[in-house]
Amino acid sequence: MLEIKNLHVELEEEGKQILKGVDLTVEAGKVHAIMGPNGSGKSTLSYVLSGRDGYEVTDGKATLDGEGLLDMEPEERAAAGLFLAFQYPVEIPGVGNMTFLRTALNAQRKARGEEEMSAADFLKMVRAKAKDLKIDADMLKRPVNVGFSGGEKKRNEILQMAMLEPKMCILDETDSGLDVDAMKLVAQGVNALRDEGRGFLVITHYQRLLDHIKPDVVHIMANGRIVKTGGPELALEVENNGYADILAEVA
Amino acid sequence: MAVAQAKPDATEDRLAVLTLPEGGWSESARADALARVRAMGLPKRRDEYWKYTRPDTLVQPIAPVAASFVNDEVLMFDVVDRLKVVFVDGVFDPVASDDLSMEGVTIERLAEFGGADIHWARDIYGALETRGQDPVLRPLAALNTAFATDGLLINVHGTPSRPICLVYHHGDESSDAILHHVVKVDSGAEVTLLETGPAAARFNKCMELEIADGGTLHHVRTQGRDHERRAATHIFARLGTESVFKTFTLTVNGVLTRNEVVVELTGDDAVAHVAGACVGDGDFHHDDTVFITHDAVNCESRQVFKKVLRNGATGVFQGKILVKDGAQKTDGYQISQSLLLDDDSQFLAKPELEIYADDVACSHGSTSGAIDEEALFYLRSRGVPAGEATDLLTLAFLAEAVEEIENEALAADIVDRLSGWLNRRR
């Protein structure tokens, strides 16, 4: 599904190299986790894949179902089925959450040559999905993420994911800023979306989230590369011993 | 474009092409206004209050040519049932206008009733305008009082069932219209007044509003889609105890617009909200000049102005809150913001507070900014194309001003026009 080959990326302004040859393949139906110390390039990877400005790809490629992602506009990547759950969801004063969701959903449908969803169908869908995530009518009416707590913002990300039904979901430190209960709720939301046809890439510092979203494969990232890949047990190793042992081992 | 010389007789040159209407109750007010115009002179570039807006084309004897912009859009405010009064290039159109009679209000024309000997409007015509000349001179308003050819005299004594809608069509490319309206809202009465259209190649409009104790006036106007038209408008409002005045203006296009609003809160617990949204592309200069005087206890005033500017468009805001000695418990709020969609556009703001009472809450702010790149990326990452996402954020920016309109159908109509404007410019 998602294939990343030899990806080299630097910061446009400073010319500083962040990713130094990332190779990664996420298959449909699988959950891959990326762990790694601060500054290893995890978030950069998620931004480059979703098309954020400020990064320059100097080598390598990334494809989603064989389609090259890196030359696409962010909205084209979204329409192709890529979704990034932000580490820091953005507040948008003046744009209602419902308007936002409906505009996004219909824009993607339009881009794929599908019919727009009727207001009634949309309402029915959003109400059902919001209920599962304990998102009330008030949160749906408010401007996007404005005045939301950390937990509410992350639940709102998962709601968007549930509504847009992407093929490939990237979760960028979705656990940051969440208490245990909020994390469980978010994890439930993600697990409900696990599907044979859908891939997940879960970026996290801690093993904790992976107790709730069980990964199939765990990668350790350091200094702009994937340095080790293993099963779920690798996450436990990190939890118990920190990154130092693994980094020393691969050095 | 012709540029007027800054010669000392620019005022006389302008007066020479105008005819002073004679006779009737308004005669003395007109003569008085003419004397004031001569005394103060028409605006010049070096005048403090014309620092950011060139008055030349508003003052020169002959109006600069402005093509009438024809479009097939549904008429503004068609969403509400309203009593229409139509002016074409400043001339009343009896065929296109509705019957002027309606329960709760009397509507008369200045051109017809200005000649009568006695009329209720006599106490207001030119009087509020004169009060509004202190401390800032507004010569174009005095010129209007002297030379207005027509306008409406509206006395609201009840609660009319429909809004009164003034429709200003522009046909002749060199029309130069001067209209003067007087609105008196009696104690406890309530009305909605709508205005729409460019009116003329050059439009000088003055509106004097006397709102008695407990009276309410909602005012919503749009200034048409003409690209080349010029307008200088004044609103002078005097508010009594517990009265409410809410005004909103949408300006889309127009090479030059100067909208002045002068509000005097003279009775306790009165409320005045003055708001505006404008969107300009290219050869567009829009100036909002507001002066609100608090001269009573526990009054509230809000000024909310939002401007979207691109391709070298210019926005100006000069807003003042004056709190007089004794006007305790004043709640004054003023915000003026611009969204600059490129580096060529500019926003010039002069917010002013002058406070002589010690128990007041006044806040003011002014900002200029670009589209929030973070928000734009967030929207795009969810599949919203860049153009549509920019429009969404632009409408969100304008929302605070549009929300000042209480009537939801009118507000939705305004949002539709703004969406249309943005859509055409993608």
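Just so it is clear: chains get the letters A, B, ... in the order the sequence lines come, proteins before strands, and each one is counted from 1. Keep in mind that what you see is a predicted model, and the values were worked out from it rather than measured.
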With a 4.5 angstrom heavy-atom cut-off, is it the side chain or the backbone of B/Ala386 that approaches chain A, or both, or neither?
both
Do A/Arg52 and B/Glu374 have side-chain heavy atoms sitting under 4.5 Å apart?
yes
If you count heavy-atom pairs under 4.5 Å with chain A, which of B/Leu379, B/Leu393, B/Asp372 comes out on top?
B/Leu379
Side-chain donor/acceptor of A/Arg77 to backbone N/O of B/Gly383, under 3.5 Å
no
Closest contact, heavy atoms only, B/Pro385 versus A/Ala107
CD-CB, 3.8 Å
Flag the pair A/Glu76 and B/Arg380 as a salt bridge only when some basic side-chain nitrogen lies within less than 4.0 angstrom of an acidic carboxylate oxygen.
no
Using non-hydrogen atoms only, which part of A/Phe100 is less than 4.5 Å away from chain B: side chain, backbone, both, or neither?
side chain
B/Glu400 versus chain A, heavy atoms under 4.5 Å apart: side chain, backbone, both or neither?
neither
For atom CD of A/Glu67, decide whether the heavy atoms of other residues, nucleotides or ligands shown that lie under 6.0 angstrom number more than 12.
no
If you count the non-hydrogen atoms of other residues, nucleotides and ligands that lie under 6.0 Å from NZ in A/Lys167, is the total more than 12?
yes
For B/Asn311, look at atom CG and say whether over 12 heavy atoms of other residues, nucleotides or ligands are found less than 6.0 Å away.
yes
Nearest-0.5 Å distance that lies between atom CG in A/Asn106 and atom CD in B/Glu388:
9.0 Å
For the CZ atom on A/Arg112, are there more than 12 heavy atoms of other groups (residues, nucleotides or ligands in this structure) within a distance under 6.0 Å?
yes
Taking atom CG of A/Asp136 as the centre, does the number of heavy atoms from other residues, nucleotides or ligands within less than 6.0 Å exceed 12?
yes
Atom NZ of B/Lys350: over 12 foreign heavy atoms under 6.0 Å
yes
Below 30° counts as parallel, above 60° as perpendicular, anything between as tilted: where do the rings of B/Tyr378 and A/Phe86 land?
perpendicular
Of the listed residues (A/Gly51, A/Pro74, A/Gly94), which shares the most heavy-atom pairs with chain B below a 4.5 Å separation?
A/Pro74
With a sphere of 6.0 Å drawn around CD of A/Glu114, does it hold more than 12 non-hydrogen atoms of other residues, nucleotides or ligands?
yes
Calculate, to the nearest 0.5 Å, the distance between atoms OG1 and CG belonging to A/Thr99 and B/Leu392 respectively.
7.5 Å
Atom CZ of B/Phe69: over 12 foreign heavy atoms under 6.0 Å:
yes
Over all atoms of both residues, closest heavy-atom pair of B/Val384 and A/Ala104
CG2-CA, 3.8 Å
